[in-house]
Amino acid sequence: NDTVMKKDIKIISVTLLLLITICSCEGWLDISPKSSLKKEDLFKTEDGYLSVLNGVYIGLVDDRLYGQELTYGFMDVIAQYYNNVPSTPLHKYANAVKYNYEEAATKGIITNIWNSMYNNIANCNVILDNIEDDKDIFTGNNYKRIKGEALALRAFMHFDLLRMFAPAYNGSTKNLPGIPYVDKFTNVRIPFSSTDAVCQRIKGDLLSARELLKDFDLMGPVDKTVDGSLSYSVADRKAWFNYYAATALLARLHLFMGDKVTALQYVNEITTDHAKTKISWSQQTQFYYYYYARERIFGVFIVLDPYMKSKVTDYFDIATANNNNILKVSIQRTMELYETSAGGASDWRYLDWMSKTDDNYITKFNTLSGIPVLKIAEIYLIGAECTKESDPVASLGFLNTIRTNRGLPALPSNANLSDEIHKEYVKEFLGEGQLFYFFKRNGYGNIPYWGTPVSNKEYVLPVPDKEKEFNS
């Protein structure tokens, strides 16, 4: 009902009603609940379900996940964005930047990612295991909303685990062990599934989520800007895993699987549907302050005070940061990344996202309240990749739409599309954790600014020791 929806519309600090611990044994996942409340009590009301769903979103913004390591932290370090890390022996990421995944601190980061993701997946499964028996307690669209979001979140987290811990998808790897796809809350051990099987499960969950959300989600195909029966707006829905977020993730998934035809269908739904009235490009005067609000399809909400600046101080504030934590992109490297000598000095991202000082660092978070996880620029880049061979004119159009909405001139008709797509990924996803996946998916033998050829040794994160030991 309206009251329940309104009080839960902002992700705030709440007491988690469920504590999930994950331990590994014999190549399976053991998921053990420890709760101060009985399950029967927890799920007597909508409030109980919404509290657990809120707990999933709160888990996503933990520093071990999208609040740091899976965005501007670990994932962007191994994408080689930050040039000061290799030259700082005591830096937090000194071994991560060298792909020394077995070093204790780095291994700890990776293990925490694995455990925290499956911890959050377990909370999704608690919801999904019980919600069918409790359909009668829900009012309005809350049953469809909670179930749809839990399915989509479960798919989203499994997909990022797959992108990290399994080889890139291709004909020779798709049938190799990927990760466990955990679809129930149980003490029964869950075996590893093949990469392709995991992809099919992800797709199934996302399609089910879209079906549940499509008829009422304001971030979906409903023909209303404001729905009087719901107490939340389009902007609010971007903080929750909405219909268009599931659609965008399906585009990302199908590109990952090499199915460009299907990926493009989902791209077109977002770029040609009236989704564009709900997910819009920022104008230059709005870019610094409203980029996150306008362009994200789904993002993790990090802070309640106005901006993230206070949260990232120890990594991006030269005046106060510990030298062993600070993450710098030198002014020289910044000028190279944004091609300032070739017209890129007008790029709004260069102008607004970097300090452009001798000790250059990221400033894009100074006016953001969260980090985009899915956004309109990626949809256009997926479109460009999907059409670069089959329809180069369309591919160029996707790229030029991004460029004109970043203060750059259109590319000429003879532009090298692969190179330009690469450049846009580098410019666009600084601090957002997506560039490493681009290099991996496209099989780059060398990662720019890393002097040694890379392979699966660098591209595939090791599963935690206990998983590796018992899975063998």
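Only this structure's heavy atoms are used, side chains among them; waters, hydrogens and symmetry mates stay out.
- In this structure F287 satisfies the ring-ring contact (aromatic ring centres under 6.0 Å, His included) test together with Y291, W348, W353, sequence neighbours excluded.
- Remark: T247 OG1 to I270 CD1 distance equals 5.5 Å, nearest 0.5 Å.
- Looking at heavy atoms from C-beta onward, K440 lies out of side-chain contact with I78 at the 4.5 angstrom threshold.
- Remark: Y292 OH to S369 OG distance equals 5.0 Å, nearest 0.5 Å.
- A side-chain donor from one of D205 and Y181 sits under 3.5 Å from a side-chain acceptor of the other.
- Here the side chains of D314 and V312 are not in contact, with every heavy-atom distance at 4.5 Å or above.
- By the 6.0 Å and 45° rule, K135 stacks over the aromatic ring of Y143.
- Under the 4.0 Å criterion applied to side-chain N and carboxylate O atoms, D217 and R237 are assigned as salt-bridge partners.
- Aromatic ring centres of F256 and F159: separated by under 6.0 Å.
- Under the 6.0 Å cut-off for aromatic ring centres, F241 and F298 qualify, their centroids lying closer than that.
- For the pair R441 and Y437, the cation does not sit on the ring face, since its NZ or CZ is not both under 6.0 Å from the ring centre and inside 45° of the axis.
- Side-chain contact between Y101 and L461: present, with at least one pair of heavy atoms (C-beta onward) separated by less than 4.5 Å.
- Put simply, the side chain of N456 never gets that close to the backbone of Y459: no donor and acceptor are under 3.5 Å apart.
- By the 4.5 Å heavy-atom criterion applied to side chains, K107 and P464 are not counted as neighbours.
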If you apply the rule side-chain contact (heavy atoms from CB on, under 4.5 Å), what do you find for Y315 with I326, and how did you get there? CA-CA 4 Å; Y315 295 91; I326 195 75; 5.8 Å; no
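- Of the possible polar contacts, one joining the Q80 side chain to the V97 backbone as a donor-acceptor pair under 3.5 Å is found.
- The closest donor-acceptor contact from the side chain of N120 to the backbone of S116 lies at 3.5 Å or more, if one exists at all.
- A pairwise comparison of heavy atoms in R145 and E149 identifies NE-OE2, 2.8 Å as the closest pair.
- To the nearest 0.5 angstrom, L255 atom CG is 11.5 Å from T262 atom OG1.
- Separating the CZ atom in R201 from the CD1 atom in I179 is a distance of 11.0 Å, to the nearest 0.5 Å.
- When atom types are taken as modelled, the side chain of E103 and the backbone of T106 share a donor-acceptor pair closer than 3.5 angstrom.
- No side-chain heavy atom of K423 sits less than 4.5 Å from a side-chain heavy atom of V426.
- Residues W281 and R406 meet the side-chain proximity criterion, which asks for heavy atoms closer than 4.5 Å.
- Between atom CG of residue L151 and atom SG of residue C124 there is a gap of 8.5 Å, rounded to the nearest 0.5 Å.
- Of the possible donor and acceptor atoms, none in the side chain of S193 sits under 3.5 Å from a partner among the backbone N and O of V198.
- Under a cutoff of 6.0 Å and an axis angle of 45°, K364 and Y72 do not form a cation-pi pair.
- Using a cut-off of 4.0 Å between Lys/Arg side-chain N and Asp/Glu carboxylate O, K375 and E432 are scored as salt-bridged.
- Residues S282 and E295 have side chains that bring a donor and an acceptor to within less than 3.5 angstrom of each other.
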Side chain to side chain donor-acceptor pair (under 3.5 Å), that's the test. Do N170 and S172 meet it? Break it down for me. CA-CA 6 Å; N170 58 48; S172 62; 2.8 Å; yes
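- Side-chain atoms of K203 do not come within 3.5 Å of backbone N or O of L253 as any donor-acceptor pair.
- Ring pair Y444/F438: centre-to-centre distance below 6.0 Å.
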Test K147 against I127 for side-chain contact (heavy atoms from CB on, under 4.5 Å), laying out the working first. CA-CA 7 Å; K147 183 176 179 181; I127 293 171; over 6 Å; no
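- Proximity of the aromatic rings of F156 and Y66 is defined here by a centroid distance below 6.0 angstrom, and this criterion is met.
- For E458 against V454, the heavy-atom pair with the smallest separation is OE1-CA, 3.3 Å.
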side-chain contact (heavy atoms from CB on, under 4.5 Å) for Y380 and T271? Distances and angles first, verdict last. CA-CA 8 Å; Y380 277 80; T271 58; 3.5 Å; yes
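- Take Y49 and apply the ring-ring contact (aromatic ring centres under 6.0 Å, His included) test, not counting sequence neighbours, and it matches F43, F138.
- Between the side chain of S194 and the backbone N or O of A197 there is at least one donor-acceptor pair closer than 3.5 Å.
- Looking at D76, T71, L381 one by one, the single match for side chain to side chain contact (heavy atoms under 4.5 Å, CB included) with F429 turns out to be L381.
- A salt bridge is defined here as a Lys NZ or Arg NE, NH1 or NH2 lying under 4.0 Å from an Asp or Glu carboxylate O, and E69 with R64 fails to meet this definition.
- Taking the six-membered ring for Trp and the full ring otherwise, Y93 and F74 have centroids separated by 6.0 Å or more.
- Listed here is the closest heavy atom pair of N130 and V126: ND2-O, 2.7 Å.
- A donor-acceptor pair under 3.5 Å is absent between the side-chain atoms of D129 and the main chain of K184, judged by distance alone.
- Looking at R154 and D183, no side-chain N of the basic residue comes within less than 4.0 Å of a carboxylate O on the acidic one, giving no salt bridge.
- The aromatic rings of W450 and Y99 sit perpendicular, their planes meeting at an angle over 60°, well past the 30° parallel limit.
- A donor-acceptor contact shorter than 3.5 Å is absent between the side chain of N125 and the backbone of N123.
- Remark: the backbone N or O of L218 is not paired with any side-chain donor or acceptor of N242 at under 3.5 angstrom.
- Atom-to-atom distance recorded for F436:CZ and Y81:OH is 13.0 Å, nearest 0.5 angstrom.
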Can you check side-chain contact (heavy atoms from CB on, under 4.5 Å) on R296 and L374, steps first, answer last? CA-CA 6 Å; R296 82 189 191 277; L374 292 158; over 6 Å; no
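- With contacts defined as side-chain heavy-atom distances shorter than 4.5 Å, the pair V182/H158 qualifies.
- Of all the heavy atoms in A168 and T173, the pair that sits closest is O-OG1, 2.6 Å.
- One finds a salt bridge joining R349 and E428 here, because a Lys/Arg side-chain nitrogen approaches an Asp/Glu carboxylate oxygen to under 4.0 Å.
- Contact annotation: the side chain of I382 approaches that of R252 to within less than 4.5 Å [non-hydrogen atoms, C-beta and beyond].
- K214 has a carboxylate O that lies under 4.0 Å from a charged side-chain N of E211, or vice versa, which qualifies the two as a salt bridge.
- Across every non-hydrogen atom of Y266 and L207, the tightest pair is OH-CD2, 3.5 Å.
- For Y243 against E269, the heavy-atom pair with the smallest separation is OH-OE2, 2.6 Å.
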